[in-house]
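Here is how names work: the chains are called A, B, and so on, in the same order as the sequence lines, proteins then strands, and each is numbered from 1. Keep in mind that the numbers below use all heavy atoms, side chains included, and drop hydrogens, waters and symmetry copies.
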There are 2 protein chains.
Amino acid sequence: MGSICINVHVEFDMSTEAYAAGMALRYALLGLLVLEPGTGYEITQRFDRSLSIAWHAGHSQIYPELSRLQDAGLVEVLSEGPRNSRTWGATPAGREALRRWLTETEPNRKVRDEAALRLFLAAVLDPAERRAVLERDLAYVEAQRHELLALMEQLDDQPGHSHFRPLVDLGLRVNPVIGEWLRHEIGSTRRRQVPRPPSVS
Amino acid sequence: MGSICINVHVEFDMSTEAYAAGMALRYALLGLLVLEPGTGYEITQRFDRSLSIAWHAGHSQIYPELSRLQDAGLVEVLSEGPRNSRTWGATPAGREALRRWLTETEPNRKVRDEAALRLFLAAVLDPAERRAVLERDLAYVEAQRHELLALMEQLDDQPGHSHFRPLVDLGLRVNPVIGEWLRHEIGSTRRRQVPRPPSVS
DNA sequence: AACTCCATGTAAATCGTTACATGATTAA
DNA sequence: TTAATCATGTAACGATTTACATGGAGTT
């Protein structure tokens, strides 16, 4: 005698080709909640702070996506607070879905960076205008560099948030290089030397 | 006796708030045609080659946008070739519109970079899986670096395309830095030293 | 004759931004 | 009590991707 057991488990299937592209926001959200639970509002802010060099999303995109992730069983409400706020966290299924996305799917390498596009197109400008455009960029990069350095010092004081460290580190390494390139371009437009920036490493 | 002359010149107005955001594709296209005229098909390829670190667009986005730019008087058909192809170029009005966009509008600094997002989220993986993910990234960056170096040598032979030089230069400076960071991360996962890459500067 | 690349287009679905809306809580 | 910040949502529009669709020209 024997028995046949068929387990049909139908839910939000994240491996079908129906969800082949544009899932980055979903996993950005999931990842942020794995790193640390938070409200939709807090997640919105983290996109502008921690994640600003990689991705961005407004609250009008985040709240509906949190609902979809909840329907899929990937996130759950951990607690409810004042002002109708809900603190979300990733479920074990959510952690597993994130892990599989990171390890088993090919990254989409297409980058969208308007500032870099402008840098490229600045080649069409005459030297004086090009210099003005590059100086605006340089000012922004320098400001960002100081923000990152300040953030890094804060993190050194509070070692609990070590998972932000790799991004801060990456930001510090990449942005000064762009800054240095800008300085070089501006320098050659001026036809004179500008002082070298202080080393970051 | 006097006369009142009212000049009403209504056309595609690129300074109104109706076109405040998402104009980057329009100017990317315009800029590519200012740098060098080409067919829609050629422009599609340039997005994947020259401009891949800054912006991307498929042909289904490019052909309609070229039509809109033509309606606005910013691009024109320079010549028609085999296979119903048309070579487009920027008009004087197109050059001026590009110049004004570059110098008079604020850049949108929001970056969309899935590979960087994955790098950030890799913090949630265990060391073995994280290392595998980082090594995949490293392989890609190394391959890209060799492509850029090869392209640079080609450009040295043909000095007519000097406007590509800044991007190649930027790519060469930024990507090896990310490569170096990846090497460092992989190295500390392995707990042993990896050989330093050859210097690019 | 089959295959590849060149060359152009449209349609449907999804993703993302901006604007519209509301209300609670805290600090000045 | 006024303003700022916290907190959540929806609707409309625009941007982007994917799939569908067609045909010319050159190479094997």
Side-chain angles (χ1 to χ4, degrees), chain A residues 12 14 16-29 37-49 51-52 54-70 75 77-88 106 108-114 117, chain B residues 12 14 16-29 37-49 51-52 54-70 75 77-88 106 108-114 117:
Chain A
F12 199 70
M14 305 189 71
T16 59
E17 61 289 2
Y19 298 97
M23 299 189 295
L25 171 65
R26 172 164 301 149
Y27 292 103
L29 232 39
T39 67
Y41 186 83
E42 285 166 346
I43 296 291
T44 308
Q45 291 181 310
R46 283 195 235 168
F47 269 103
D48 287 331
R49 292 171 190 166
L51 216 43
S52 62
W55 209 265
H56 176 265
H59 76 276
S60 63
Q61 226 184 332
I62 289 167
Y63 290 118
E65 190 63 48
L66 282 173
S67 294
R68 282 191 286 270
L69 284 164
Q70 185 183 36
V75 303
V77 175
L78 298 180
S79 65
E80 303 194 2
R83 278 169 280 197
N84 306 320
S85 69
R86 281 159 292 168
T87 298
W88 298 88
E106 278 300 307
N108 175 2
R109 306 267 178 197
K110 288 163 195 157
V111 174
R112 189 155 312 221
D113 185 344
E114 193 188 299
L117 170 65
Chain B
F12 199 69
M14 306 189 71
T16 58
E17 62 290 3
Y19 298 99
M23 299 189 295
L25 171 66
R26 171 163 302 149
Y27 291 104
L29 232 40
T39 67
Y41 185 83
E42 284 168 347
I43 296 292
T44 309
Q45 291 180 310
R46 284 197 234 166
F47 269 104
D48 288 332
R49 292 171 190 166
L51 217 44
S52 63
W55 208 265
H56 178 266
H59 76 275
S60 63
Q61 228 184 330
I62 289 168
Y63 290 119
E65 191 63 47
L66 282 173
S67 295
R68 281 190 288 269
L69 284 164
Q70 185 183 34
V75 302
V77 175
L78 299 180
S79 65
E80 303 195 4
R83 278 169 280 197
N84 305 319
S85 67
R86 281 159 293 168
T87 297
W88 297 89
E106 277 300 307
N108 176 1
R109 306 267 178 196
K110 286 164 197 157
V111 174
R112 189 156 313 211
D113 184 344
E114 193 188 300
L117 171 64

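When all heavy atoms of A:L25 and A:F47 are compared, the closest pair comes out as CD1-CZ, 3.9 Å. The two atoms that bring B:P37 and B:T87 nearest to each other are CB-CG2, 4.0 Å, heavy atoms only. Summarising the geometry of B:A28 relative to B:L51, their closest heavy-atom pair is CB-CD2, 4.4 Å, with the distance given to 0.1 Å. Closest of all the heavy-atom pairs between B:L66 and B:G40 is CD1-CA, 3.9 Å.
Nucleotide D:dC6 holds its P atom 20 Å from the CD atom of A:E80, rounded to whole Å. Regarding B:D48, its CG atom lies at a distance of 11 Å from the P atom of D:dT17, rounded to whole Å. As rounded to whole Å, 12 Å separates atom P of C:dT8 from atom CD of B:Q70. For A:Q61 and D:dA15, the CD to C1' distance is 12 Å, given to the nearest whole Å. Between B:R112 atom CZ and C:dG16 atom C1' the separation is 6 Å, expressed in whole Å. The CG-P distance, from A:L51 to C:dG16, rounds to 13 Å in whole Å. The distance between atom CD of A:E114 and atom P of C:dG16, rounded to the nearest whole Å, is 16 Å. Regarding B:I62, its CD1 atom lies at a distance of 11 Å from the P atom of D:dT16, rounded to whole Å.
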Identify the pairs formed between an N or O of the protein and an N or O of nucleotides 20-25 of chain D at a distance under 3.5 Å, and give each distance.
{"unit_1": "D:dG24", "atom_1": "N2", "unit_2": "B:R83", "atom_2": "NH1", "d": "3.2"}

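Here A:E65 lies out of heavy-atom contact (under 4.0 Å) with every strand.
Regarding contacts with the backbone of C:dT14, every side-chain N or O of A:R68 stays at 4.0 angstrom or more from both OP1 and OP2. Of the side-chain N and O atoms in A:R26, none sit less than 4.0 angstrom from OP1 or OP2 of C:dG16. Residue A:Y41 places none of its side-chain N or O atoms closer than 4.0 Å to OP1 or OP2 of D:dT8. Note on B:Q45: a side-chain N or O is less than 4.0 Å away from OP1 or OP2 of C:dC6. Taking only side-chain nitrogens and oxygens, B:Y63 never comes nearer than 4.0 Å to OP1 or OP2 of C:dG9.
With sequence neighbours left out, the salt bridge (Lys or Arg N to Asp or Glu O under 4.0 Å) criterion links A:R109 to B:D137. B:E80 meets the salt bridge (Lys or Arg N to Asp or Glu O under 4.0 Å) test with no other residue; sequence neighbours excluded.
For A:T39, the listed nucleotide lying nearest its side chain is D:dT8; candidates were C:dA7, D:dA15, D:dT8. When the nucleotides C:dG16, D:dG9, D:dA7 are ranked by their closest atom to the side chain of A:L25, C:dG16 comes out on top.
With hydrogens and angles left out, the side chain of B:S60 and the base of D:dT18 share a donor-acceptor pair within 3.5 Å.
Under a 3.5 Å cut-off, the side chain of A:Q45 and the backbone N or O of A:E42 do not form any donor-acceptor pair.
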